Amino acid sequence: MSRVTIRVQAEAFDSAHETTALLAGQTEVGGVGAFTGFVRGGGGLVALELEHYPGMTETMMRQIAESACTRFGLVGCTIIHRVGRLAVGMPIVLVLCASAHRGGALGATEFMMDWLKTHAPFWKREEFADGSTAWVAPRACDDAATARWGTLGA
Amino acid sequence: MSRVTIRVQAEAFDSAHETTALLAGQTEVGGVGAFTGFVRGGGGLVALELEHYPGMTETMMRQIAESACTRFGLVGCTIIHRVGRLAVGMPIVLVLCASAHRGGALGATEFMMDWLKTHAPFWKREEFADGSTAWVAPRACDDAATARWGTLGA
Amino acid sequence: MLRILYFAWLRDRLGRPGETLPLPPGVDSVAGLISQLHARGGAYAEIFGRPELIRVAVNQSFATNAATIAANDEIAFFPPVTGG
Amino acid sequence: MLRILYFAWLRDRLGRPGETLPLPPGVDSVAGLISQLHARGGAYAEIFGRPELIRVAVNQSFATNAATIAANDEIAFFPPVTGG
């Protein structure tokens, strides 16, 4: 059984702490792939407001994580996604994948990020210095990246 | 100019601290890709002894890092590689890549690991529970992974 | 009762996070429900007249407009997701 | 003087981490140096008789057996690397 951790939270996460938890008691891990997403500044952006669909979000995150574990033979993986208002420079999402080899760890990290971006029900609203707001539009390249993987099932 | 940090050291590294240093003062980072390699247990392995070629190692690590920055348009990257005796479960190598978008961050992480595995002059000697030792043989799949990238120059 | 949820700019535009209503007679699919909502006019007509802009989940799973729905289902309408 | 370095199992097998020696007369390439080392016999013959097992760096850059060498160069012989 792979060790899967899924969390939606307003608070910041501590990636070192999460990595320690993921690896606790494991001796057959050769590598951990990780991705941390941040609120990127520019164009007068001040913050993002992150909304989600409670219930469905966790279901989709678990499905994505379990699919990655099966497909890449992971020892375990972790997805933490924040919600609420996040200022420029703040971390939004953490993905960790532990595997015997680096190929699986890094491949699974990409796989999970691609599916999260396109199939986890989160929405971002931008808040600008002039007080205006705008919902972020999806990017076609995210759909294209996800399409590489076929279906979510392994 | 991309921010490049290269280090060969016996001591453990603190990936949270290194990530903070990589991102300090940057606001245009959308994602950080990371890979941490560990001493994988199994088959009676107790520890690895890591040897390197001082001077050439740092030159190659810098060349790999700078090539990744150019090729993937990174904001910056960090490579820390440990040497000396490392017990099962201990971290060996850390790669961090900061980029505007996740594609570049994760692609660069793979790129740097592939080149490190095949072109940075480190050698591992395994130490087993029965006292025997053996130099680790290179894996053909590492060469194949590196060949995907063409030459090291961008 | 059907539980209908609206997220992101759909909720902003419609001015509500959701509603409950009895399964309308003759409606047994997402497409049927979309027609009913569209017939309300106003912001509903604007949004549900352009189904290519919206995504649907039935009982918290992504669904197509052809998906069947039943009394007591939870139906969510929202724009393409932008998390991660 | 040439500075020659041996790493990993080459150093173990040869029993030394390196040596310095004058550029042998007539030697102007890595291949020429390998022939000289091979001619010593013993562990040198074993190792340098199988150049496919070894990698070479000249002045801390990867080099082929065809690379030219000059007095005062640093030449390193080692097995394929296994770090990361």
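Since the structure is predicted, the reported quantities are computational estimates derived from the model, not experimental observations. Lettering follows sequence order; numbering is per chain, from 1.
- Neither the backbone nor the side chain of Asp14(A) comes within less than 4.5 Å of any heavy atom of chain B.
- Considering only heavy atoms from C-beta on, Glu110(B) stays 4.5 Å or farther from Arg102(A) through its side chain.
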Could you give the side-chain donor-acceptor pairs of residues 24-52 of chain B under 3.5 Å, partners two or more places apart or in another chain?
| unit_1 | atom_1 | unit_2 | atom_2 | d |
| --- | --- | --- | --- | --- |
| Arg40(B) | NH1 | Ala100(A) | O | 3.0 |
| Glu51(B) | OE1 | Arg11(D) | NH1 | 3.0 |
| Glu51(B) | OE1 | Arg11(D) | NH2 | 2.9 |
| Glu51(B) | OE2 | Ala8(D) | N | 3.1 |
| Glu51(B) | OE2 | Arg11(D) | NH1 | 2.5 |

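- For Leu23(B), the part lying under 4.5 angstrom from a heavy atom of chain A is the side chain only.
- Put simply, of Asp114(B), Val95(B), Thr19(B), the one with the most heavy-atom pairs under 4.5 Å next to chain A is Asp114(B).
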